[in-house]
Chemist: 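The following block contains the structure, expressed as structure tokens.
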Amino acid sequence: MTTEASRSGAAEDRLVRRAVRGDRQAFAELVRREERYMYALAMGRLGDEHLARDAVQDALLSAWEKVRDLREPRAFRSWLGRVVINAAISAGRKRRSGEHVALEEGMDAAHPAGPGDAAEAQERRRRLAGAVAALEEDRQILLAMYYSEGLSYAEIAGRLGITVGAVRGRLFQAREKLRAMLEEEAS
Amino acid sequence: MNCARAGEILRETGPRDALDAGVLEHLEGCPACRKLAGEYRRLDADLAGLYASGFEPGRLEDALAGLQELPRRRAVRGGRLLAAAAALLLAVGGTWFALRGRDPGPGPDGARPGFNPRRLAISDSAPARFDDVEGARVAARAGSRITVTAPRRVNLAAGAALFKVAPGGGAFVVEVPDGAVSVPGTEFAVSVEGEVTRVAVRSGRVRLENVSGRLMLKGGQAGELARRPGDRSPAAPARLEHEGLSVAAETLWRPWAWLDAPERSERLEHLRGVLSREPYDPRLAARKLLAEAGEEGLRAAISWTTAKTPRLRLEAVLFLGRAPAGHAGAHGALRAAAGNRREQPGIRRVAERSLEALAERKASGSGGK
């Protein structure tokens, strides 16, 4: 198992090195693997599907331009996560300056998603995304890996190069922070 | 087990972890801890929902397709200069050949050999909609001339149309005079007026190309393919900043409903006025337009509250929330929308909020918008 994991890690390192040297196919292969992770990170921060998609596309282009500066192949996922978070921050700024939130949200509320309380769900999602955005970047990355990709503590630890204990500690600290922020907002 | 210890364990138990038996026992007799456990469960479910919401695998392919066209920002040094120049020549030549090769040109509406072209039935007096044209939804202005020339390829010879392309089926190409608009999966509008083609992108990315160059546009941006009088070849695709954004603003203003709108030409003129004063931000422009449309806009919005399109009804009730506080028509339309049991809950709630906004303004004595 360990050998298999290390083989796959080595293969990924090779892909990253090729991407750093300007190989578009290698870069495409790498980001395809991270599609869910990238989207989850943006969505977690923005709470808006359209903005999240745009942010991921911006992040992808930005990552392609900057990947040559990546020194440590093993840090690719964390590095990509930060690129996505920055793109999401930028998308969030545009949303605020564009003052289109009410209109767009209203549109989403009117989507014929079903008789359920779509507007309320949207509002809850937006509040949660606001709280996630207030967390440290590494916490956002952890949450996306855990909740979106369904990775185990050990898998996350392997990918981020930290201990399982650190993963658990940071994850639950982030979750507790989120709960407290949402509770405070509700009260 | 006491509550402090139970709370500590609950905090450190993820949604995929087994809950400690002692905690389970404690929860049975402790409503406060049960509440806490419920909060964590809800939070875990909300987080999973948030991260998964709207995810559609394969969407990245759109951006990756665009990536193939982008240069790498890298300084060209020394020996690489010749290689870069050669690559540039090849690219320009390739583009020329690709466009020449792909465009049979003078054939009837650019039909591809071996493909049986079909012209979309669009009358000169009414707009038309098509749910599936080679994987795209198309809403076309009256009098538009659109021909399906190959799989996922249409030719827009004249008029204007809004395209919504489902991702994942490969590139969708709209051929226009002197060029092409290629989209992997997005929502965009194209208008052809004489020698000028304008493209506005609502979401995703599109590529404009002609023999003189290429241009990538993303959501909220608009561009133009044009040939100046007397020029033998068209100008390179250009980004539009302030001028000629009617399609962009219309598309973003009233997605999918724009073709049904009454008094289109008046709105267009007004819109141009708004856009010429403001730095271009389609959403902001739309908002301003809604705010500045005056009595004419109010009348239109009142009629839109019973439109077939939910988005249009929603925009109408949003807009009417900014009506003058004493506007009887706006009040009546909002009350009807809020009390309509067959209306979607989201729209009813927005109508209620708009009514409240009017009432608040009336109470505070500020009758303006």
Side-chain angles (χ1 to χ4, degrees), chain A residues 22 24 27-28 31-32 35-36 38-40 43-44 47 49-50 52-54 56-58 60-61 64-65 68 97-100 102-104 106-112 115-119 121-122 124-125 128-129 132 143-144 146-148 150 152-153 168 171-172 175-176 178-179 182-183, chain B residues 11-17 36 39-40 42-44 46-64 66-68 70 72-74 202-205 216 218-220 252 255 281-284 286-287 290 310-311 313-315 317-318 344-347 349-350 353:
Chain A
R24 285 170 209 258
F27 180 78
V31 291
R32 266 190 204 107
E35 182 174 13
R36 183 179 288 277
M38 292 171 77
Y39 177 81
M43 186 63 192
E49 294 161 23
H50 301 291
R53 280 183 202 131
D54 281 352
V56 168
Q57 293 201 345
D58 287 344
L60 192 137
L61 298 179
W64 170 242
E65 287 176 350
R68 67 192 160 102
S97 67
E99 297 183 59
H100 70 283
L103 189 66
E104 290 288 309
M107 286 178 177
D108 286 346
H111 263 299
D117 203 344
Q122 169 78 5
R124 208 167 60 234
R125 205 166 66 179
L128 180 57
V132 169
L143 286 170
Y146 185 76
Y147 285 97
S148 149
S152 67
Y153 304 124
R168 286 181 65 101
L171 191 63
F172 296 135
R175 192 170 71 140
E176 179 53 21
L178 287 176
R179 194 187 68 82
L182 293 171
E183 192 178 272
Chain B
R11 261 192 297 281
E12 293 176 1
T13 305
R16 299 199 294 269
D17 301 332
L36 182 67
E39 284 175 14
Y40 280 121
R42 211 163 26 252
L43 176 63
D44 288 330
D46 282 351
L47 279 166
L50 173 70
Y51 286 122
S53 174
F55 177 70
E56 292 170 29
R59 280 222 172 232
L60 219 49
E61 296 306 319
D62 306 352
L64 285 171
L67 188 71
Q68 298 302 321
L70 285 184
R72 187 77 176 275
R73 276 191 198 166
R74 193 190 285 266
R202 178 170 161 72
S203 63
R205 283 167 200 277
M216 286 292 287
K218 59 182 186 177
L252 288 154
D281 179 332
R283 287 169 173 140
L284 185 59
R287 196 181 168 92
L290 287 170
R311 284 192 171 199
R313 297 201 301 278
L314 176 77
E315 286 183 16
V317 294
L318 272 170
Q344 291 182 15
I347 299 179
R349 262 193 302 280
V350 174
R353 282 207 294 270

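Convention: sequence-line order gives letters A, B, ...; per-chain numbering from 1.
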Chemist: So which of Leu143(A), Leu171(A), Val31(A), Leu178(A) has the largest heavy-atom pair count under 4.5 angstrom toward chain B?
Modeler: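 If we count pairs closer than 4.5 Å to chain B, Leu143(A) comes out on top.
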Chemist: Highest number of heavy-atom pairs under 4.5 Å with chain B: which of Arg168(A), Arg179(A), Glu183(A)?
Modeler: Arg179(A)
Chemist: Minimum heavy-atom separation for Arg11(B) and Arg175(A), please, with both atom names.
Modeler: O-NH2, 3.1 Å
Chemist: Looking at Ser152(A), Ala40(A), Ala52(A), Ala129(A), which one has more heavy-atom pairs under 4.5 Å with chain B than the rest?
Modeler: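 Of Ser152(A), Ala40(A), Ala52(A), Ala129(A), Ala40(A) has the most heavy-atom pairs under 4.5 Å with chain B.
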Chemist: How long is the span from the CG atom in Leu43(B) to the CD atom in Glu176(A), to the nearest 0.5 Å?
Modeler: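 Result: 9.0 Å between the selected atoms.
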Chemist: Does the side chain of Leu182(A) come within less than 4.5 Å of Glu39(B)'s, by heavy atoms?
Modeler: no
Chemist: With rounding to the nearest 0.5 angstrom, report the CE to CD distance, Met216(B) to Gln57(A).
Modeler: 8.0 Å
Chemist: Starting at CG of Leu50(B), measure out to CG of Leu128(A) and round the result to the nearest 0.5 Å.
Modeler: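 Leu50(B) CG to Leu128(A) CG: 5.0 Å, rounded to 0.5 Å.
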Chemist: If I compare all heavy atoms of Tyr147(A) with all of Pro15(B), which pair ends up nearest, and what's the gap?
Modeler: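 Residues Tyr147(A) and Pro15(B), closest heavy atoms: CE2-CG, 3.9 Å.
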Chemist: Given heavy-atom pairs under 4.5 angstrom as the criterion, report whether the side chain, backbone, both or neither of Tyr153(A) touches chain B.
Modeler: side chain
Chemist: With rounding to the nearest 0.5 angstrom, report the OH to OH distance, Tyr146(A) to Tyr51(B).
Modeler: 12.5 Å
Chemist: So which part of Arg36(A) gets closer than 4.5 Å to some heavy atom of chain B, the side chain, the backbone, both or neither?
Modeler: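 Contact with chain B: backbone and side chain both.
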